[in-house]
Amino acid sequence: MNSNYEIVVGLEVHAELSTETKIFCGCKNEFGAEVNTNVCPVCMGLPGTLPVLNEQVVEYAIKMGHAMNCTINGTTKQDRKNYFYPDLPKSYQISQFDIPLCENGYLDVLVGDEVKRIGVTRIHIEEDAGKLIHDDSLGGSLADYNRCGVPLIEIVSEPDIRSADEAKAYLDTIHTTLLYLGISDAKMQEGSVRCDVNVSVRPVGSTEFGTRVEMKNVNSFSAAHRAINYEAARQIKVLENGGEIVQETRRWDDVKGVNVLLRSKEDAQDYRYFPDPDLLTFVVSDEKIAEIKASIPELPVAKTMRYMSEYKLSRADSELLALNKNTAAFFEAVIATGKCEPKSVSNWILGDIYKVLNERKCEITDLALTPVNLAEMISLIEKKTISNAAGKTVLEVILDADKDPNEIVKEKGLAQVSDTSALNAIVEKVLANNEKAVTDFKNGKTNVVGFLVGQCMKESKGKGNPAMLKDMVVAAIEKM
Amino acid sequence: MDKLYSLTAAQMKDLLDRKEVTSVEITKSVIDRIEKTDGEIQAYTSYNFDQALQQAAAADEKRAKGETVSELAGIPVAVKDNMCTKNLRTTAGSKMLGNFVPPYNATVVEKLIADGAVIIGKTTMDEFAMGSSGENSAFQVARNPWDTTRVPGGSSSGSAATVAASQVPLALGSDTGGSIRQPACLTGIVGMKPTYGAVSRYGLIAYGSSLDQIGPMARTVDDAAMLFKAICGKDKMDATSKDYTYTPYGDSVKGMKLGLPKEYFGEGISAEVKERIYQAVEVLKAQGAEIVEVSLPSTDYALSAYYIIACAEASSNLGRYDGVKYGFTGSDRSSLENLYVSSRSEGFGEEVQRRILLGTYVLSSGFYDAYYKKAKVLQKVIAKEFDDALKLCDAIITPLNPTTAFKIGEKSNDPVAMWAGDICTVTLNIAGLPGINVPCGFDSNNMPIGFQVLGRKFSESTLLTIAKCYENTVGGFAVKEF
Amino acid sequence: MEIDIMRLAKLAKLSIPEEKVEEFRKKMEDIIQMVEKLPDLDTQGSLVDPTNTMELRKDEVQPSFPRDEMLQNAPYTAAGCILIPKVVD
């Protein structure tokens, strides 16, 4: 990227909310049903039908508003956005225009080790449109209205994003926040989170924004990353060649890795927004807004920061733990037993346990493993009752069975030998069998002690206490 | 029994309760009457005779078994053709919906069916309820029974005509800017627009959603009240509907204060109409009402506010008719755009297209504040003036229509003249208030004249009381022998 | 006031035949003239109305409608869907 330019990005994210029913009717809000089976006269916009707003949609949107530090407009309304398209059966989308439910917020995201604050202009509620299936054999397109009326929130950011990496971090944070709040399935592959990307560039140091270009059809967060870099490079090239950026909407083609003109500013739609006369003003009380706020859990970025400061974990480990709601809860439950060091817990979760989760493609909550058993196992290692290697053996058992690690240690005879006389016999035997190493040690090659301790561990069948063995090996050689 | 069709709903109910007639007999009489006279009146776009006879038989069976039945059980009701009826064609008077068969019932229709009423058919109307004469129907022009060369008013043209011609005792109309009251006035019957929110709009094909309201049309005050009682109340399918408890009405205006707003008695109102209304006011005064003068200074602007709001909402409401999902589909399927344009240009009549264009204009970028938003602000001003005036009196009396019914074709090519006729009625819709037409005599052509009683929100029982008092005092309303 | 009838028609997906454009423009202008009779009013602020509010619906599932009933009025259908001229988005 040409370093004389700065990229400026604003994002509009649409997320489907995971309510039981649609936003304006009692049809099921469900992905993957047979075409046109989750429909009724209301969501298909039949003549005479009227919308009735689902209160859960309002509560979920306010949750997200709180999570993004927004002001909540408890007295608001819904507006019609008028345009013709076959996936929109009423020819208008019920949305919000001048009074969004939430506005003037921000989201802190981690970019590298830095915290970056991205302004959130607004979050509003609206209805999703249906789906068009293109079918050449029929010489036309097929309209499936199941998705009509699925509730959406649209989250509009300020143009505060300065790179594709920042955009990616912002999107990832929104994604985990939606999951943490339990308000959206946030499944990219099902299209339940989508985004429009606004990109402009300007000379470094300039305080004025360049002309922005909107990109549609950005269907994944990694696609957003690619699309931003492509568009920024395209704009810089135009400017470098003495051209001007034209305000327009372009369509991202992720397969080809290019975008093409969709419509120019002259074709801009006139949406003729006006308050929906079928839906009156609605009021969410201050008490209700406060109640919703109180229900917001600690969110991933805050958790990450806390893990770093409170548990002295690395940024990468903290984020990995915090990213998944279930993993974070499990981690915190292990810490809460007070039996073991956070760093060891983190290592075990992100190491051996993560490997298993990846292999089995499951969540930590799907295992039989309990925080208490894991804490007990780790504390046995920390108390030097068992070795690290024995810990792995214990873990294999407690992953799939709720069993006391102490019993497993007993049954399998995994306890470390810390009895000096027993260990002395082993040390003597090993030193006798490794004269060359002993000589090397005496000649100053002190790092052979590791080899000798290893031999002792082998001799003890893994049960010796390695720290004690090391001390004893050194002492024995020095006495020789 | 002779001429069962000509009875009022209350008379039918008495005979049914006394088991002197059956609903099937009444319904057959009504069907026979419609078959004999509707060629001339043209009040119906669809008949529902087969189902009506089944509904009548079901009501008879219930009565025969001694089950408790609702007041409307077994009584024929006509329904304006913009209220959805399951499996019965619902056209809203438009070619666009010429073949539309709804898969659901409007809430008012559900209520009537639950009450055991007999749905006799769907009545002729101006296309999408846009019109004041009935001439904007895509199918036929309903006739005024008092003079079939004249319009019955609109847009609930067929509902007014069928009741006035004694084809049926009761009909549902809808009123966005006067569409119940004005045809009731022009055909000499009672028609009430309830308070906005008193009756569910679910299933009413929308024109101006914030103004539309369904209401009763009948030849007597008691009948209108009976039908209103059956349809009012909160509906969970209509977020704009309100909790409403029907309260019984009386027949005395003694001690009531009735307001006369000078703004409604200006130049535009014909001398004959004014004269009749002043006479009616004298009648009420003689019955003990006190007459006070009130002022509604923004009346002149109401028409502008009405057309801006109604057309803006209509332009959005009527976007769904695009040839894709239901109804008329255009001749040009060569592209999506061409399908849209051909469906809408061929499917909508000229008046509807004109109002869609006006609505599009007042909402479009750069004009929204100057037109739509200003009209919405003005709406508040007008509502406030009514509130203030109605603090000084119990109800207000005004003319209902500036003239009596005009000849078919007389104004149909002059939208402004046609629209200007709505001056006395639209203010109520703008303010969300209830209003009722009370017939009060005839002009020199023997065409009916009516006055309007309007009141505070949810004061329907007051309006019915005043209307009932007048009806009793003048010995009932004239019925056209047809 | 000059009204761009063609632009409005385009927005509203209507086509006005060439020979009718003038008539439409004239009628529209008469109407606009009537409608322009509005007093000076302050149009600042939102149209939100806290004095007239609605209740919200509980998030409870109601049965959907059978597909054949929902498609019974469609001019063209195929594979359980409504068939429309080809669109690319």
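First the proteins, then the strands, lettered A, B, ... as listed; each starts at 1. In this text, all values refer to a predicted model and were calculated from it rather than measured experimentally.
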Using non-hydrogen atoms and a 4.5 Å limit, figure out which bit of B:Y340 sits close to chain C: side chain, backbone, both or neither.
both
Below 4.5 Å from any heavy atom of chain C, which atoms of B:E350 appear? Answer side chain, backbone, both or neither.
both
Could you tell me which portion of B:F328 (side chain, backbone, both or neither) has an atom closer than 4.5 angstrom to a non-hydrogen atom of chain C?
neither
Go through the structure and list residues passing ring pair (Phe, Tyr, Trp, His ring centres under 6.0 Å) with B:Y301, not counting sequence neighbours.
none
Tell me if the NZ atom of B:K242 is crowded by more than 12 foreign heavy atoms within 6.0 Å.
yes
What residue, out of C:P17, C:P85, C:G45, has the most heavy-atom pairs lying under 4.5 Å from chain B?
C:P85
Using non-hydrogen atoms only, which part of B:N99 is less than 4.5 Å away from chain C: side chain, backbone, both, or neither?
backbone
Euclidean distance, B:R333 CZ relative to C:I84 CD1, rounded to 0.5 Å
9.0 Å
Under a 4.5 Å heavy-atom cut-off, does chain C meet the side chain of B:S315, its backbone, both or neither?
neither
If I measure from the heavy atoms of chain C, does B:Y196 come under 4.5 Å with its side chain, its backbone, both, or neither?
neither
Note: vs chain C, highest number of non-hydrogen pairs under 4.5 angstrom among B:T240, B:V362, B:T329 is B:T329
Full working for side-chain contact (heavy atoms from CB on, under 4.5 Å) between C:K10 and B:V341
CA-CA 9 Å; C:K10 193 169 179 237; B:V341 172; over 6 Å; no
Could you tell me which portion of B:Y321 (side chain, backbone, both or neither) has an atom closer than 4.5 angstrom to a non-hydrogen atom of chain C?
neither
